[in-house]
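Structure record follows, encoded as structure tokens.
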Amino acid sequence: MTPDPTNRSSRASSPPVQRGPVRRGPSTGPAKAAVNAKAPVRRAVGVALLATATILAGSASALAGPSPTSAAAAGATGAASAEGTADTTAASATATGPSELSETTRLQDRRSLVVGDRAYAMGDESGLYPAAGWHVRGEMGGFWTQPIKLLDGIWFGLDGNWLGKQVPAAKYTSGHGYSRIDYSGPVNVRRTDFVPDGIRATLVGLTLTSSTAKTVELTVDAHSELMQPYPWDWTSPTSDAANLPDTGDFVDGALRFREQGTPSYPNAKPHDFAAFVGSSLRPADHTLGADHRGPQSPAVICPKDGTTPARCDDSLTGKGTAAASRTTYR
């Protein structure tokens with residue numbers, strides 16, 4: 001049974017664990033904000049990716065908590081869950097640390113990797129999520145809590161313009177266990193991604209700043225891809241045979257994605273995977289569908305073999321679904 005995604009973990013409000021900066025190489029709905037016209041005012045909203053993976057059978061372990069012993073004592077055998085609120089955590093993560101690395105050029109060509117001890121998120125430094133990897137071609141990026149992938153990506157739009165596309169990223173910064181992306185425009189946006197240690201969650205915070213009174217619309221797209229990192233494309237069985245179609249619904253103010261069933265190859269084990277995407281704000285409405293990927297819709301599909309496009313968005317193995325949510329924010 002999956003836990004209530006609206007529960008909040010006390011761990012999520014603790015300051016970021018100090019880790020070295022990640023080094024890089026080239027490589028949700030209308031939100032109404034009343035902004036003071038006399039001085040710049042900052043408005044913050046948090047989005048938490050809440051991961052739940054229930055493994056009914058198989059050798060993979062997904063025990064939540066600081067250690068298998070404590071998880072077993074709590075009766076969490078074969079299940080993992082994470083709940084958190086992004087507001088205080090993301091705010092603490094934005095503090096300038098003694099060791100930050102920043103970049104302002106070729107941000108879509110550079111990988112962003114934010115890592116905790118139970119989850120990680122990989123995209124590019126503009127806030128988009130190109131397909132990456134070759135063991136399961138095109139599926140090794142996005143949001144993971146090993147041994148389960150959760151999402152291909154999560155995208156944010158402001159007044160109908162997508163961050164990272166129509167609103168280009170101006171600066172990317174990585175620090176001790178977090179990353180920041182700054183977007184410049186009539187409303188300045190700062191996105192902070194943080195993966196806390198000890199829980200299976202990724203926290204994303206947005207801070208909106210304007211020097212004049214404005215009303216803005218904020219949209220969030222999320223595309224699931226619940227799958228395991230093995231088998232691979234060329235093993236027997238293949239990754240395609242092991243990956244089942246995802247479903248999506250809306251539960252208690254959060255988007256919920258699930259993959260349930262038993263693959264058709266001999267001796268396959270049943271599984272039940274789930275991921276939640278929730279916010280500190282109650283969505284005004286939502287839309288479920290196959291291809292909500294922000295500016296990466298419709299997806300360019302990576303071929304299994306041969307020459308790949310300069311940039312693609314998903315793989316032939318992918319069987320995820322998607323959703324968009326909108327939030328009224330005052």
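Just so you know, these numbers come straight off a predicted model, no measurement behind them. Starting from 1, each residue takes its place in the sequence as its number.
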V187/L158 under side-chain contact (heavy atoms from CB on, under 4.5 Å): CA gap, chis, key distance, verdict: CA-CA 9 Å; V187 176; L158 197 65; 4.0 Å; yes
Audit row: Q296, D221, side-chain hydrogen bond (donor to acceptor under 3.5 Å, both in side chains) steps and yes/no: CA-CA 10 Å; Q296 293 177 240; D221 275 12; over 6 Å; no
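- Salt-bridge check for K149 with E139: passed, with a basic side-chain N closer than 4.0 Å to an acidic carboxylate O.
- Rounded to the nearest 0.5 angstrom, N267 CG and T262 OG1 are separated by 12.0 Å.
- A continuous path of ILVMFWY side-chain contacts below 4.5 Å connects V136 to L113, so both sit in one hydrophobic cluster.
- The existence of a salt bridge linking E125 and R111 is excluded, since no basic side-chain nitrogen approaches an acidic carboxylate oxygen closer than 4.0 Å.
- Checked by atom type and distance alone, the side chain of D246 pairs as donor or acceptor with a backbone atom of L226 at under 3.5 Å.
- Between the OG1 atom in T202 and the CD1 atom in I154 there is a gap of 9.5 Å [rounded to 0.5 Å].
- The backbone N or O of E217 sits less than 3.5 Å from a side-chain atom of D159, completing a donor-acceptor pair.
- E103 places a side-chain N or O within donor-acceptor distance of the main-chain N or O of T105, the cut-off being under 3.5 Å.
- Between the side chain of T321 and the backbone N or O of G289 there is at least one donor-acceptor pair closer than 3.5 Å.
- Between F156 and the options V167, T219, L206, V189, a side-chain contact (heavy atoms from CB on, under 4.5 Å) holds for only L206.
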Intermediate values then yes/no, side-chain contact (heavy atoms from CB on, under 4.5 Å), Y120 and Q146: CA-CA 9 Å; Y120 70 87; Q146 291 288 3; 3.9 Å; yes
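- For the pair D197 (side chain) and D117 (backbone), a donor-acceptor distance under 3.5 Å is present.
- In this structure, the side chain of T235 engages the main chain of W232 through a donor-acceptor pair within 3.5 Å.
- Judged purely by atom type and a 3.5 angstrom limit, Q260 has no side-chain atom pairing as donor or acceptor with the backbone of D272.
- Ring pair W234/H135 is tilted by interplanar angle, where 30° to 60° counts as tilted.
- Annotation: K165, atom NZ; neighbour count of heavy atoms from other residues, nucleotides and ligands within 6.0 Å does not exceed 12.
- R293 CZ to H223 NE2: the interatomic distance, rounded to the nearest 0.5 Å, is 3.5 Å.
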Step-by-step side-chain contact (heavy atoms from CB on, under 4.5 Å) determination, N243 to E225: CA-CA 9 Å; N243 191 27; E225 191 55 76; 3.1 Å; yes
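- The line from CG of L208 to CZ of R191 is 13.0 Å long, rounded to the nearest 0.5 Å.
- Taking 4.0 Å as the cut-off between side-chain N and carboxylate O, D240 and K319 count as a salt-bridged pair.
- Under 3.5 Å, the side chains of S112 and Y172 contain a donor-acceptor pair of N or O atoms.
- Counting only N and O atoms by type, the side chains of R190 and T207 include no donor and acceptor under 3.5 Å apart.
- Looking at R137 and D233, no side-chain N of the basic residue comes within less than 4.0 Å of a carboxylate O on the acidic one, giving no salt bridge.
- The CG atom of L128 lies 5.5 Å from the CD atom of Q108; values are rounded to the nearest 0.5 Å.
- The backbone N or O of S297 lies less than 3.5 Å from no partner atom in the side chain of D291, so there is not a single donor-acceptor pair.
- Taking the six-membered ring where the residue is Trp, the centroids of F257 and F273 are separated by 6.0 Å or more.
- To the nearest 0.5 Å, the span separating CG on N188 from OH on Y183 amounts to 12.5 Å.
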Steps toward side-chain contact (heavy atoms from CB on, under 4.5 Å) verdict (D152, Y129): CA-CA 7 Å; D152 283 331; Y129 296 88; 5.8 Å; no
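- Side-chain atoms of D124 and S126 form a donor-acceptor pair, as typed in the model, at a separation below 3.5 Å.
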